[in-house]
Student: 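Next up is a structure, given as structure tokens.
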There are 2 protein chains.
Amino acid sequence: MVDVKSTVNPLFLRDEELRQGIELLFYAYRDFTSDPDKILDDHGFGRAHHRAIHFINRNPGITVQELLAILRITKQSLSRVLGQLVREGYVIQQRGTRDRRQRHLHLTERGVELERLVSAPQRERVARAYREAGAEAVEGYRKVLLGLVNDADRAAIVRSIRRR
Amino acid sequence: MVDVKSTVNPLFLRDEELRQGIELLFYAYRDFTSDPDKILDDHGFGRAHHRAIHFINRNPGITVQELLAILRITKQSLSRVLGQLVREGYVIQQRGTRDRRQRHLHLTERGVELERLVSAPQRERVARAYREAGAEAVEGYRKVLLGLVNDADRAAIVRSIRRR
DNA sequence: GATTTTACGTCAACCATGTTGACATATATC
DNA sequence: GATATATGTCAACATGGTTGACGTAAAATC
């Protein structure tokens with residue numbers, strides 16, 4: 001299934017095939033973000049907070065600069081959500097030792113808890129999709145998604161993933 | 001590549017594997033939306049307008065209700081962007097004949113042009129990713145993305161894709 | 001035929017999250 | 001010592017979501 005005559009006549013179907021790929025990404029993203037959104041709301045947070053704590057969780061000690069580069073937002077925009085997270089005890093900032101200008105970000109226990117809580121249904125959703133699609137499909141999923149990323153960032157992402 | 005020891009010890013790596021899948025989706029979506037955003041800006045439109053004209057283009061004659069169901073936003077929110085698109089001659093509304101309460105949406109020539117212009121780099125990005133990943137990977141990509149969608153919507157999406 | 005439901009539109013207020021621009025401070029680097 | 005970098009903050013603004021209220025026309029139901 002989901003075959004959709006994708007490989008019949010590559011030239012003729014090209015545009016259609018691409019638009020399907022685009023739509024699927026939209027739909028998946030739409031539903032995949034809906035689970036966390038509800039939980040976040042109960043805590044007075046939004047999607048931006050989730051993104052922040054996700055990447056701080058995944059990269060403990062990440063600097064503000066690095067986080068900005070990942071999220072691709074301005075520091076003013078980040079500082080709003082980060083400020084809330086810090087004030088409410090979900091994130092702590094450690095002044096750098098090698099470079100004392102930097103602030104290294106860490107989740108507190110509370111932060112880790114919240115991150116797990118919020119991302120739980122999202123992980124469950126991915127787990128189900130992976131299970132049902134099979135290992136080979138998962139490999140393809142990753143390959144294509146990585147291919148969609150900007151050339152300039154691909155290497156760094158692969159590295160950040162391999163490191164684990 | 002992109003192998004990342006994903007199939008070594010499924011139990012131990014489960015969480016890590018899932019979080020990678022989540023991150024990849026974030027990164028891909030981030031970059032994949034960045035191309036259209038720039039072009040839209042030149043025309044005084046935003047991402048919301050792109051979504052609207054994309055789905056109207058893909059489903060000529062779609063009703064407002066149906067479009068709302070796809071986008072998952074309120075009618076007030078849609079009416080803002082739709083109003084602009086209509087006023088500026090990118091979209092026309094046809095009163096339904098069977099049900100005269102409905103408004104069937106269509107792109108004008110201008111609308112079709114804009115849609116193509118805006119989505120061109122996006123399609124090119126997907127085309128490249130598909131080319132580099134290969135047909136088998138593409139199949140996996142679709143399978144997993146479709147699996148991420150809410151159960152309730154999956155069938156309709158498959159149908160809307162098969163119809164072509 | 002009267003009542004209720006549905007499809008659509010609109011007004012208004014509000015919120016989350018993005019932007020630009022300006023300016024300040026501490027620290028690192030040349 | 002001069003310059004560049006990392007961070008923070010203030011302020012104004014844009015986009016695109018939300019809720020709630022209300023109105024109209026048409027369809028569906030009793």
Side-chain angles (χ1 to χ4, degrees), chain A residues 26 29-30 33-34 36-56 61-88 91-106 118, chain B residues 26 29-30 33-34 36-56 61-87 91-105 118:
Chain A
F26 165 78
Y29 198 81
R30 179 196 68 180
T33 49
S34 69
D37 282 356
K38 287 175 217 134
I39 307 174
L40 286 159
D41 199 52
D42 298 339
H43 293 257
F45 292 130
R47 203 176 288 184
H49 302 84
H50 185 202
R51 288 200 275 258
I53 60 179
H54 168 91
F55 284 105
I56 296 172
I62 190 175
T63 66
V64 173
Q65 278 297 317
E66 290 165 342
L67 187 52
L68 286 176
I70 288 175
L71 299 176
R72 293 256 214 284
I73 56 176
T74 58
K75 63 175 176 175
Q76 293 93 326
S77 202
L78 177 59
S79 93
R80 194 153 37 197
V81 300
L82 208 49
Q84 292 171 32
L85 290 167
V86 169
R87 273 194 304 280
E88 301 183 30
V91 170
I92 51 166
Q93 300 167 297
Q94 277 183 349
R95 170 162 244 131
T97 49
R98 225 194 46 221
D99 184 337
R100 292 171 36 82
R101 290 171 305 180
Q102 297 180 332
R103 299 291 182 277
H104 296 275
L105 306 172
H106 299 268
V118 169
Chain B
F26 165 79
Y29 199 81
R30 180 196 68 180
T33 49
S34 70
D37 282 356
K38 288 174 217 134
I39 306 175
L40 286 158
D41 199 53
D42 298 338
H43 294 258
F45 291 129
R47 203 177 287 183
H49 302 85
H50 185 202
R51 289 200 274 259
I53 60 177
H54 168 92
F55 284 105
I56 296 173
I62 190 174
T63 67
V64 173
Q65 279 296 317
E66 291 165 341
L67 188 50
L68 286 175
I70 288 175
L71 298 176
R72 293 258 216 281
I73 55 176
T74 59
K75 62 175 176 173
Q76 294 93 325
S77 202
L78 176 59
S79 93
R80 195 153 36 196
V81 301
L82 208 49
Q84 293 170 31
L85 289 168
V86 169
R87 274 195 304 280
V91 171
I92 52 167
Q93 301 168 297
Q94 278 183 350
R95 172 161 242 131
T97 49
R98 227 193 47 224
D99 186 336
R100 291 171 37 80
R101 288 172 305 180
Q102 296 179 332
R103 300 290 182 277
H104 297 276
L105 306 172
V118 169

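None of the values given here were measured: they were computed from a predicted structure. Order of the sequence lines sets the chain letters (A, B, ...), proteins ahead of strands, with each chain counted from 1.
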Student: Which atom pair, heavy atoms only, marks the closest approach of B:Thr33 to B:Asp37?
Tutor: O-CG, 3.0 Å

Student: Applying the side chain to side chain donor-acceptor pair (under 3.5 Å) criterion to A:Gln94, which one of A:Arg103, A:His106, A:His104, A:Gln102 satisfies it?
Tutor: A:His106

Student: With a 4.0 Å cut-off on heavy atoms, is B:Gln93 in touch with a base, just the backbone sugar-phosphate, or nothing at all?
Tutor: sugar-phosphate

Student: In whole angstroms, how far is the P atom of C:dG18 from the CG atom of B:Leu40?
Tutor: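 Value for this atom pair: 18 Å.
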
Student: Atom CZ of B:Arg47 to atom P of C:dT19: distance rounded to whole Å?
Tutor: 10 Å

Student: Please report the distance, rounded to the nearest Å, between CG in A:Leu67 and P in C:dG18.
Tutor: 11 Å

Student: Using atom CZ of B:Arg100 as one end and atom C1' of C:dG9 as the other, report the distance to the nearest whole Å.
Tutor: 16 Å

Student: For residues A:Gln84 and A:Arg80, determine if any side-chain heavy atom of one lies less than 4.5 Å from a side-chain heavy atom of the other.
Tutor: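 Yes - at least one pair of side-chain heavy atoms lies under 4.5 Å apart.
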
Student: Could you check whether A:His49 gets within reach of a base, just the sugar-phosphate, or nothing at all, counting any heavy atom under 4.0 Å?
Tutor: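 It contacts sugar-phosphate atoms only.
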
Student: Can you tell me how far CG of B:Asp42 sits from CD1 of B:Ile39, rounded to the nearest 0.5 angstrom?
Tutor: 7.5 Å

Student: How long is the line joining NE2 of B:His104 and C1' of C:dA7, in whole Å?
Tutor: 11 Å

Student: C:dG18 base to A:Arg80 side chain: any donor-acceptor pair below 3.5 Å?
Tutor: yes

Student: Just the endpoints, please: which first and last nucleotides of DNA chain D, 5' to 3', lie under 4.0 Å from a heavy atom of chain B?
Tutor: D:dG16 to D:dA27

Student: Nearest 0.5 angstrom please: B:His54 NE2 to A:Phe26 CZ, how far?
Tutor: 8.5 Å

Student: Rounded to whole Å, please give me the gap between CG in B:Leu78 and C1' in C:dC11.
Tutor: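 In whole Å, C:dC11 C1' and B:Leu78 CG are 17 Å from each other.
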
Student: Which heavy atom in B:Arg51 sits nearest to a heavy atom in B:Leu71, and how many Å separate them?
Tutor: CB-CD2, 3.8 Å

Student: With DNA chain C as reference, determine whether B:Val64 or A:Arg72 sits nearer its 5' end, using the nearest nucleotide of each.
Tutor: B:Val64

Student: Do A:Leu105 and A:Phe55 make a side-chain contact, defined as non-hydrogen atoms from C-beta onward lying under 4.5 Å apart?
Tutor: no

Student: Between atom NZ in A:Lys75 and atom P in C:dT25, what is the gap in whole Å?
Tutor: 14 Å

Student: Does a side-chain N or O from B:Ser79 land closer than 4.0 Å to OP1 or OP2 of C:dG9, or not?
Tutor: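 No, because none of the side-chain N or O atoms of B:Ser79 sits under 4.0 Å from OP1 or OP2 of C:dG9.
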
Student: Hey, which of these two, A:Gln76 or B:Gln76, hits DNA chain C nearer its 5' end, going by closest nucleotide?
Tutor: B:Gln76

Student: Rounded to the nearest Å, what distance is computed from the CG atom of residue A:Asp99 to the P atom of nucleotide C:dT29?
Tutor: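 Value for this atom pair: 6 Å.
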
Student: Under 4.0 angstrom, heavy atoms only, what part of the nucleic acid is A:Glu66 near: base, sugar-phosphate, or nothing?
Tutor: nothing

Student: Side-chain N or O of A:Gln102 less than 4.0 angstrom from OP1 or OP2 on C:dA28?
Tutor: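 No, because none of the side-chain N or O atoms of A:Gln102 sits under 4.0 Å from OP1 or OP2 of C:dA28.
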
